[in-house]
**Q** 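This is the structure I have questions about; it appears just below.
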Amino acid sequence: MQTDALLAGLNEEQKQAVQGHDGPILVLAGAGSGKTRVLTHRIAWIIASGKCTADEIMAVTFTNKAAGEMRERLEELGIPDVHSGWIGTFHGLGARVLRREAEHLDLKRSFIIYDADDQKRTMKLLLEEYGHPDSSRISPALMLATISRAKNAFLGPTEFALAATKEFEHIAADIYTSYTAFLRENNAVDFDDLLMLPVLLFQAYPMVLDYYKNKFKYILVDEYQDTNRAQYHFLKMLSSGHRNIFVVGDDDQSIYRWRGADLRNILDFKKDYPDAQVFRLEQNYRSTSVILDAAHSVIVNNRNRHEKKLWTERRGGELVKVLQTGDGNREAAVICEMIMQELKRHRRDLRDFAILYRTNAQSRVLEEALRRAVIPYKIVGGLRFYERKEIKDVLAYLRLVVNPLDSISLRRVINFPSRGIGDVSLGRVQQFALDQHIPLFDALRRADDINGLSARVRSALKSFHGFISKYTELKGKITISELSSALVEETGMLHMYKEEGTEESRSRIDNIRELLNAIYEFAQNRSDATLDTFLEEVALVADVDSLDSSASAVTLMTVHSAKGLEFPVVFIAGLEDGLFPLLRSAETRDDLEEERRLFYVGTTRAKETLYLSWAKRRRTYKDTVRSKRSRFLAELDSDLVEVKEFDVPAYPETYQRPYRTTRKKRQTDDFEQVMPDYENFSQDGSGDTIPVGAEIRHPSFGVGVVQETSGRGENLKIKVYFKDEGLKTIVVKYVKIDIL
DNA sequence: CCTGGGATATTTTTT
DNA sequence: ATATCCCAGG
């Protein structure tokens with residue numbers, strides 16, 4: 001392997017960074033400056049120079065997708081044994097350390113990773129049990145957020161309790177303590193634990209730390225600006241021997257402060273390591289200079305940043321287009337229109353387009369417009385496959401088989417499908433378990449010793465215990481695919497859904513089949529395929545990770561999800577003050593700066609054309625608000641911008657109607673005046689509204705006939721007769737109704 | 001004591 | 001649309 005070959009095609013700064021000598025290195029790499037390339041080539045160069053082997057490298061990326069791409073690139077560069085390197089996300093690598101060292105912690109190797117939903121259920125149980133006079137007024141979400149913040153700042157329950165001053169903080173410290181104990185009793189960890197526990201482990205067991213310190217000769221980190229304090233300690237401890245820590249990041253792209261990311265980590269790198277070599281990559285290979293300069297004209301309004309300016313050889317370019325529209329529906333329609341134009345004029349492919357937005361809720365109107373315009377799209381985030389009820393149910397069964405201590409999963413499925421075990425009975429079992437100091441699952445087996453249960457319930461409890469135990473026994477003896485299929489069959493879920501016979505239950509069956517298929521594929525592709533590894537993958541793989549860039553469709557996602565990606569044409573929707581920047585009750589300068597960085601991330605995803613759209617009125621889930629254009633639009637260098645106005649509002653957003661280009665009336669201040677009157681529309685039978693007698697299709701009930709309509713706008717309700725379901729009342733705003 | 005129907009609240013960003 | 005809470009009926 002020639003080291004020279006690894007430098008071919010790199011610019012001067014990139015070459016220097018790749019060849020930096022041992023010791024701490026900070027690479028300040030602007031958007032599109034080839035930072036992943038530098039990181040990959042640095043690894044290849046280290047290995048090719050004989051400084052170490054692949055298994056002595058730790059490379060941390062932000063997403064599994066980035067890690068996968070890195071591994072692929074290294075293989076292409078001819079690096080041997082790439083798979084033996086520890087290349088992954090912080091969370092993934094943290095989990096790997098914890099599984100190996102579980103015995104040192106209060107954990108078994110088979111621990112389960114609790115997701116946000118599990119955390120919420122846990123917190124509810126704890127708050128009920130806590131019995132503090134105020135505990136009913138404490139929201140689980142707030143308590144979890146408090147604990148998460150503590151963990152991200154690397155504060156354990158004890159430290160947190162010591163720092164507590166206010167009443168709420170004392171309560172929170174108590175609950176933090178019980179929360180931690182609960183997780184351990186359930187042999188579970190949460191996302192934050194994956195970062196925090198390895199550091200605690202290293203502190204408590206210097207020998208363990210020594211092992212990893214010696215194992216990894218070089219540590220490389222991508223997206224360093226988004227690391228939190230726990231991650232900072234993790235890296236600092238691991239690299240404290242050789243100090244070969246190579247970090248790449250861009251302070252302008254730090255967008256996870258709310259998750260504990262600490263900008264100090266990157267801004268103070270030079271203070272931590274006074275001898276650090278610093279390289280700056282300021283040549284951008286992605287965007288036109290118009291886009292770069294426009295993005296720059298906004299980001300310079302941030303105070304808390306390293307001064308730098310990206311440049312490119314791609315002079316000029318199309319002006320940034322600001323689309324000013326009447327309302328959210330019109331905005332979506334205009335975006336579709338622009339896509340159609342671009343497709344025609346520039347012979348673009350659908351995969352060249354991305355539509356970005358600040359909040360997932362915005363995707364709905366966009367989706368509707370795309371469907372109406374018959375433009376294929378794929379959506380990242382929002383409701384994920386693994387978050388569907390039926391999928392979570394199956395996973396809960398599997399989790400219970402792997403880890404019977406997981407009482408959250410047990411509670412989820414012990415009475416689903418219905419086994420006649422209700423809250424009261426379960427409460428008795430729970431009490432028995434507490435008295436006997438045994439896990440909830442073990443208490444099931446001893447149902448005969450529990451007072452106040454009917455014979456029927458006793459037998460149901462024992463048989464559930466036997467059912468799960470049987471599969472725990474089978475684990476490892478048959479393939480995970482066989483096990484999962486048999487288990488799902490035995491739960492009776494499929495049978496239950498089949499009986500129901502609705503369109504919704506059919507789709508649930510399909511989803512379960514898809515999950516079983518995913519398990520099968522997983523087993524085919526992974527040599528280490530076990531139920532444990534499958535469940536870990538499910539917990540840690542993000543939606544962007546599975547984004548297929550080869551499929552021919554427009555991509556929809558949040559700006560956060562778009563980090564690290566690029567597209568020839570990018571739309572950013574909803575550029576209104578309050579929405580982007582998103583403003584909550586308390587607005588601080590730091591919050592606003594983070595929003596600005598997020599805007600910067602969004603704009604710099606565009607290679608050739610950037611559209612920024614906003615709507616004068618927007619319907620939130622509650623009501624319609626009048627908006628002002630985003631301050632970020634005002635900050636854009638006006639020489640680089642072209643404004644296009646589409647001021648007429650579209651039609652009410654609750655029912656589907658192609659917007660018309662003819663102007664009915666000039667925009668006035670009175671909303672009602674320009675909005676068509678719904679009652680009249682519903683009577684005129686024009687086909688694209690919902691008159692009585694119309695045939696519609698409902699996603700779960702199928703086809704039916706409208707009997708009656710009531711309400712208007714977002715409150716529009718229709719009574720529909722379905723053949724299988726009978727008469728149903730449907731609030732149109734919640735369901736995608738197709739008019740036939 | 002369990003089940004199921006009906007009303008109600010819920011959406012910032014994510015590993 | 002989903003989750004959750006409350007109430008009546010079996």
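Note on naming: letters A, B, ... go to the chains in the order of the sequence lines (proteins, then strands), and numbering restarts at 1 for each one.
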**Q** Rounded to the nearest Å, what distance is computed from the NZ atom of residue Lys65(A) to the P atom of nucleotide dT15(B)?
**A** 13 Å

**Q** How would you label the contact of Phe90(A) with the nucleic acid (heavy atoms, under 4.0 Å): base, sugar-phosphate, or nothing?
**A** nothing

**Q** Could you tell me the separation between the CD atom of Gln119(A) and the P atom of dT15(B), rounded to a whole number of Å?
**A** 14 Å

**Q** Which of the following nucleotides, dT12(B), dC5(C), dC1(B), is nearest to the side chain of Val424(A)?
**A** dC1(B)

**Q** Evaluate the side-chain contact (heavy atoms from CB on, under 4.5 Å) criterion for residues Leu540(A) and Leu194(A): first the C-alpha distance (whole Å), next the side-chain angles of each, then the deciding distance (0.1 Å), finally the verdict.
**A** CA-CA 11 Å; Leu540(A) 295 183; Leu194(A) 295 175; 3.7 Å; yes

**Q** What pairs with Asp115(A) under side-chain contact (heavy atoms from CB on, under 4.5 Å), at least two apart in sequence or on another chain?
**A** Asp117(A), Asp118(A), Phe191(A), Lys392(A)

**Q** Atom CG of Asp118(A) and atom P of dA3(C): how far apart are they, to the nearest Å?
**A** 13 Å

**Q** Let me know the distance between CZ of Arg257(A) and P of dT14(B), rounded to the nearest Å.
**A** 17 Å

**Q** Would you mind telling me which of dT14(B), dC1(B), dT2(C) lies closest to the side-chain atoms of Ser425(A)?
**A** dC1(B)

**Q** Would you tabulate the nitrogen or oxygen pairs shorter than 3.5 Å linking the protein to nucleotides 3-6 of chain B?
**A**
from: dT3(B); atom 1: OP1; to: Ser418(A); atom 2: OG; distance (Å): 2.5
from: dT3(B); atom 1: OP1; to: Gly420(A); atom 2: N; distance (Å): 3.2
from: dT3(B); atom 1: OP2; to: Asn415(A); atom 2: ND2; distance (Å): 3.1

**Q** Using a cut-off of 4.0 Å on non-hydrogen atoms, how would the nucleic acid contact of Arg428(A) be classed: base, sugar-phosphate, or nothing?
**A** sugar-phosphate

**Q** Rounded to the Å, how far apart are Asn152(A) CG and dT15(B) P?
**A** 14 Å

**Q** What integer number of Å spans the P atoms of dT11(B) and dC5(C)?
**A** 14 Å

**Q** Is the shortest side-chain N/O distance from Asn360(A) to OP1 or OP2 of dT13(B) below 4.0 Å?
**A** yes

**Q** Would you please determine if the base of dT13(B) is stacked by Trp258(A), with stacking meaning a centroid separation under 5.5 angstrom and planes under 30 degrees?
**A** yes

**Q** Output all residues satisfying side-chain contact (heavy atoms from CB on, under 4.5 Å) with His560(A), sequence neighbours left out; order by chain, then residue number.
**A** Ile255(A), Tyr256(A), Trp258(A), Arg358(A), Thr558(A), Leu598(A)

**Q** Looking at every strand, decide which applies to Lys563(A) at a 4.0 Å heavy-atom threshold: base, sugar-phosphate, or nothing.
**A** nothing

**Q** Considering only dT13(B), dT15(B), dC5(C), which nucleotide approaches the side chain of Lys124(A) most closely?
**A** dC5(C)

**Q** Choose from dC2(B), dT15(B), dT13(B) the nucleotide whose nearest atom is closest to any side-chain atom of Phe191(A).
**A** dT15(B)

**Q** For Thr63(A), which contact category applies under a 4.0 Å heavy-atom criterion: base, sugar-phosphate, or nothing?
**A** nothing

**Q** Is any side-chain N of the basic residue among Arg257(A) and Asp591(A) closer than 4.0 Å to the acidic one's carboxylate O?
**A** yes

**Q** dC1(B) P sits how many Å from Leu461(A) CG, rounded?
**A** 14 Å

**Q** In chain order, what residues pass the side-chain contact (heavy atoms from CB on, under 4.5 Å) check against Ser148(A), with sequence neighbours excluded?
**A** Asn152(A), Asp192(A)

**Q** How close or far is atom P of dT11(B) from atom CG of Leu366(A), stated in whole angstroms?
**A** 21 Å

**Q** Find the distance Tyr256(A):OH to dT12(B):C1' and express it as a whole number of Å.
**A** 12 Å

**Q** Under the salt bridge (Lys or Arg N to Asp or Glu O under 4.0 Å) rule, collect the residues that match up with Glu223(A), sequence neighbours excluded.
**A** Lys35(A), Lys563(A)

**Q** I want to verify a distance call: between dT2(C), dT4(C), dT14(B), whose nearest atom is closest to the His560(A) side chain?
**A** dT14(B)

**Q** Lys120(A) or Arg259(A): which one's nearest nucleotide on DNA chain B is closer to the 5' end?
**A** Lys120(A)

**Q** Considering non-hydrogen atoms only, spot the tightest contact between Phe416(A) and Asp393(A) and give its length.
**A** CE2-OD2, 3.4 Å

**Q** With sequence neighbours left out, what residues match Asp423(A) under salt bridge (Lys or Arg N to Asp or Glu O under 4.0 Å)?
**A** none

**Q** Any side-chain N or O of Ser561(A) below 4.0 angstrom from OP1/OP2 of dT13(B)?
**A** no

